[in-house]
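Everything on this sheet refers to the single structure shown next.
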Number of protein chains: 4
Amino acid sequence: MGDIDIMKTLPLAERKKHYILEVASRLFSRLDFHHVCMEDVAREARLAKGTLYNYFNSKEELYFAIIETRMQTLIRQLEERLQYRHPPVMDLRRFVVHLYSFFLKYPNFFVIWKREEVKTSSPQSKNCRKLRAQLRVMLTAILRRGIAEGAFRDFSSLNLLGDCIFGIIDGMAMRGIHANANEDRRKEERENMFSIILALVERGNAHD
Amino acid sequence: MGDIDIMKTLPLAERKKHYILEVASRLFSRLDFHHVCMEDVAREARLAKGTLYNYFNSKEELYFAIIETRMQTLIRQLEERLQYRHPPVMDLRRFVVHLYSFFLKYPNFFVIWKREEVKTSSPQSKNCRKLRAQLRVMLTAILRRGIAEGAFRDFSSLNLLGDCIFGIIDGMAMRGIHANANEDRRKEERENMFSIILALVERGNAHD
Amino acid sequence: MGDIDIMKTLPLAERKKHYILEVASRLFSRLDFHHVCMEDVAREARLAKGTLYNYFNSKEELYFAIIETRMQTLIRQLEERLQYRHPPVMDLRRFVVHLYSFFLKYPNFFVIWKREEVKTSSPQSKNCRKLRAQLRVMLTAILRRGIAEGAFRDFSSLNLLGDCIFGIIDGMAMRGIHANANEDRRKEERENMFSIILALVERGNAHD
Amino acid sequence: MGDIDIMKTLPLAERKKHYILEVASRLFSRLDFHHVCMEDVAREARLAKGTLYNYFNSKEELYFAIIETRMQTLIRQLEERLQYRHPPVMDLRRFVVHLYSFFLKYPNFFVIWKREEVKTSSPQSKNCRKLRAQLRVMLTAILRRGIAEGAFRDFSSLNLLGDCIFGIIDGMAMRGIHANANEDRRKEERENMFSIILALVERGNAHD
DNA sequence: AATGAATGAGATTTCATTCAT
DNA sequence: AATGAATGAAATCTCATTCAT
């Protein structure tokens with residue numbers, strides 16, 4: 001939502017930078033880092049190759065700036081949404097729904113992030129896993145509170161449970177990205193997803 | 001388990017091919033397609049660069065053969081395990097546990113497969129999503145049977161539920177790969193995972 | 001000496017041109033033609049890149065203007081100093097000392113000039129060797145007069161002797177530039193150099 | 001002289017490396033580092049661009065290998081020639097004549113070396129000046145011995161005298177390179193040069 | 001006259017692939 | 001079947017130059 005406003009209020013150079021990132025993320029989500037060449041990015045952005053280098057020092061910098069900027073936005077938005085404590089179920093809902101919606105809103109980011117996260121030994125993949133760790137801290141905080149308040153079941157490993165929830169969100173995001181569904185359908189899937197997650201954590205079912 | 005036997009009974013050329021695939025998958029799981037060069041593969045395999053081309057026509061062929069052969073093995077093994085109908089809960093368990101164990105046994109495959117699956121529009125990524133589709137057919141068949149037999153809850157979308165379960169398995173596999181845990185710990189995590197999945201599908205809890 | 005006066009009396013545009021040349025010569029003496037970029041020159045001169053092109057049509061023109069302008073100044077100054085005939089030894093002294101001092105005063109010019117002079121086949125290097133030829137004409141004229149007047153020994157090849165003398169001056173200039181000596185020390189070296197050159201040319205020693 | 005033998009006895013890869021250096025030095029002596037492109041070197045050597053990189057890691061490495069290898073050869077040859085002490089005049093003659101001849105034999109090296117030596121602040125130019133320093137140590141050792149034995153005049157600064165002598169040799173080498181003289185003429189110039197240097201250092205002239 | 005963002009030609013370098021041995 | 005030197009297409013990146021402001 002805020003994106004367009006941001007684009008309008010940012011200084012010109014920043015806006016162009018964002019524009020290039022936008023174009024590049026589209027290409028990089030479709031193809032590998034090495035299957036997208038700077039010529040492609042330049043053509044798509046209707047700029048000359050050299051112009052890209054006025055905004056990013058290298059192709060790598062451009063590539064990781066895509067992940068970096070969206071990661072920061074995501075974290076910031078989640079923190080905003082969670083700054084006042086609501087009932088744990090509501091906070092969980094906010095968290096899960098926002099994450100899912102963010103991934104569907106920026107599918108290019110999602111795709112690139114997941115691709116890098118999965119690598120086992122590049123310096124940047126560690127950075128991607130760091131975002132995951134940050135998200136998990138947020139999620140487990142909510143879960144912990146829910147357990148303390150008696151709303152959620154007690155789990156031996158919150159970390160493990162968190163990873164399962166992220167697995168569900170990621171799987172559903174992938175599903176949503178490839179489905180190309182309309183708004184109503186998306187809403188429906190989102191609610192289905194949340195009730196599945198809720199079923200996992202809520203007290204009062206057979207597995208207590 | 002069968003791997004070594006396969007290696008022994010295969011003709012020499014086939015065995016060398018498998019050996020190269022093994023070496024290559026190690027490298028490709030660590031780094032991007034383009035950050036691994038044929039020179040690296042050759043060096044790691046203690047072969048000359050040219051020799052690789054006696055077994056694979058191109059680097060791409062080698063790369064996708066890694067995914068391809070493991071995919072086939074995975075599908076074959078799952079089919080073997082599910083050819084006789086056991087109680088749905090048991091089949092679900094076999095399926096989930098085998099998938100998880102396979103990913104942990106062949107983490108290089110898992111990593112490469114996930115990386116390709118996430119791409120939105122390369123011809124090979126479609127192939128990777130095809131495997132996912134095949135797995136989902138297997139899984140939904142089990143779920144459907146479980147529902148019919150009254151063991152599982154009835155879900156509006158089995159596909160969606162399936163994707164959630166795959167999400168959980170993938171998330172846990174990633175977790176397992178980066179954790180480097182011992183056998184006991186792995187077994188524990190596996191059981192935790194299965195009970196979480198079971199909680200989702202089993203009849204008789206609060207969300208029915 | 002005249003430099004500051006010149007700068008003051010010149011029209012504004014000319015002064016700015018000189019200023020740019022001064023800045024550029026500093027950079028070009030440190031690094032190759034291609035290791036100094038127009039951006040560097042502009043930054044050092046506290047000007048915009050485009051501004052440089054209001055004063056010089058191209059980087060090459062700027063580069064060779066550095067050599068060209070100093071060459072002209074050098075020739076002019078030497079001609080002034082030699083326009084009235086003094087005793088050959090005195091003229092020789094004036095010539096040698098002025099050349100050496102000029103090189104030390106404008107080390108950047110010296111360095112760039114020598115660099116270009118040594119190239120075997122670029123059109124501009126010929127221009128640099130032309131300066132050398134002009135200097136040699138002046139020097140041999142002095143030597144010839146000295147021989148005619150019986151002050152100097154007779155040499156079979158004045159050209160060759162001239163090149164030796166230039167070799168000595170150049171060698172001493174290089175020495176002086178890298179030594180970073182104080183005024184007294186420089187004067188001493190200069191005198192040592194001149195007495196060595198004098199020893200070569202003067203009549204009345206054992207080698208007559 | 002020994003060069004052809006060396007080329008014959010060296011292993012194949014070493015010989016090809018020498019061949020490339022030979023070709024490259026021809027080009028680099030004519031034009032600046034940046035005015036010679038790898039394409040040019042490859043074409044001249046009748047090789048593909050990529051092949052050059054099998055022998056040298058970068059253009060820079062190729063360029064400085066030209067200087068480096070010749071420098072080493074020069075030092076080695078001079079050390080061989082000076083290992084037994086002959087009368088100082090004879091050693092001086094050997095030294096001066098060999099240096100001069102070496103420069104005329106490898107004019108490309110001479111040109112490139114001088115070009116780099118003159119730069120004031122590149123790491124490689126320091127290396128070039130190091131060769132000069134090594135040569136000066138050899139020369140001053142000879143001069144010092146000559147003075148001790150009473151053959152040469154006593155100088156206040158042997159370093160300064162050495163630089164003058166190098167200046168003469170360099171000047172004469174430049175002269176010789178651009179003159180394209182025949183063998184007899186070169187011999188004559190060489191003798192002229194030596195007698196000039198001798199005049200500088202020998203005892204028994206008017207300046208004692 | 002001054003600016004500096006945009007340009008794109010041209011350079012270096014890499015590396016999959018070939019092929020003579 | 002194995003080798004590895006040679007190849008050259010293709011990529012990244014730099015930077016002199018232009019031009020609208």
Side-chain angles (χ1 to χ4, degrees), chain A residues 12-13 16-17 20 33-43 45-63, chain B residues 12-13 16-17 20 33-43 45-63, chain C residues 12-13 16-17 20 33-43 45-63, chain D residues 12-13 16-17 20 33-43 45-63:
Chain A
L12 207 77
K16 193 157 234 166
K17 210 169 165 171
I20 294 172
F33 180 77
H34 275 89
H35 281 114
V36 176
C37 67
M38 290 302 257
E39 185 65 48
D40 295 337
V41 179
R43 197 184 309 108
R46 294 177 179 279
L47 289 170
K49 237 184 318 171
T51 307
L52 301 179
Y53 288 88
N54 289 338
Y55 294 90
F56 301 94
N57 290 317
S58 70
K59 188 186 174 185
E60 273 222 320
E61 192 178 304
L62 167 59
Y63 182 74
Chain B
L12 202 77
K16 197 156 216 168
K17 205 167 167 172
I20 293 172
F33 180 76
H34 272 87
H35 279 118
V36 176
C37 66
M38 291 300 260
E39 183 64 47
D40 294 336
V41 180
R43 195 184 311 108
R46 295 177 181 277
L47 288 169
K49 239 184 312 176
T51 308
L52 301 178
Y53 286 86
N54 289 335
Y55 296 90
F56 301 93
N57 289 316
S58 71
K59 189 186 176 187
E60 277 222 322
E61 192 179 305
L62 166 60
Y63 181 75
Chain C
L12 203 78
K16 198 158 215 167
K17 205 168 168 173
I20 293 171
F33 179 76
H34 273 88
H35 279 117
V36 175
C37 65
M38 291 302 259
E39 184 64 47
D40 294 336
V41 179
R43 194 184 312 110
R46 296 176 179 279
L47 288 169
K49 239 187 311 178
T51 309
L52 300 179
Y53 286 86
N54 289 334
Y55 296 91
F56 301 94
N57 290 316
S58 71
K59 189 186 177 188
E60 276 222 323
E61 191 179 305
L62 166 60
Y63 181 74
Chain D
L12 208 75
K16 194 159 233 167
K17 209 168 167 173
I20 293 171
F33 180 76
H34 276 88
H35 282 113
V36 176
C37 68
M38 290 303 257
E39 185 65 48
D40 295 337
V41 179
R43 196 184 310 112
R46 295 176 178 279
L47 289 169
K49 240 183 316 174
T51 307
L52 301 178
Y53 288 86
N54 290 338
Y55 295 90
F56 301 93
N57 290 316
S58 69
K59 189 185 175 187
E60 273 222 321
E61 190 178 306
L62 167 59
Y63 182 74

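Below, chain A is the first sequence line, B the second, and so on; all start at residue 1.
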Are D:Lys16 and D:Tyr55 in a cation-pi setup, meaning NZ or CZ lies under 6.0 angstrom from the ring centre and within 45 degrees of the ring axis?
no
Which heavy-atom pair separates [X] from [Y] by the least distance, and what is that distance?
X	Y	result
B:Ala42	B:Ala48	CB-C, 3.9 Å
C:Leu47	C:Thr51	CD2-CG2, 4.1 Å
A:His34	A:Lys59	CA-NZ, 3.9 Å

[X] [atom1] - [N] [atom2] separation (whole Å):
X	N	atom1	atom2	answer
B:Leu62	E:dC15	CG	C1'	15 Å
C:Phe56	F:dT17	CZ	P	13 Å
C:His35	E:dT12	NE2	C1'	12 Å

Could you label the plane-to-plane angle of the A:Phe33 and B:His35 rings as parallel, tilted or perpendicular, counting under 30° as parallel and over 60° as perpendicular?
parallel
Give the dot-bracket line for DNA chain F from 5' end to 3' end: parentheses for intra-strand Watson-Crick or G-U pairs under 3.5 Å, square brackets for crossings, | for inter-strand pairing, dots for unpaired.
.||||||||||||||||||||
I'd like to check the side chain to side chain contact (heavy atoms under 4.5 Å, CB included) partners of B:Phe56; sequence neighbours left out, ordered by chain and number.
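B:Phe56 satisfies side chain to side chain contact (heavy atoms under 4.5 Å, CB included) with B:Lys17, B:Ile20, B:Leu21, B:Glu61, B:Leu62, B:Ala65 once adjacent residues are dropped.
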Do A:Arg43 and A:Lys49 have side-chain heavy atoms sitting under 4.5 Å apart?
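No, their side chains stay 4.5 Å or more apart.
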Walk along nucleotides 5-12 of chain F from 5' to 3' and tag each nucleotide B, S or - by protein heavy-atom contact under 4.0 Å, base first, then sugar-phosphate.
SBBB-BSS
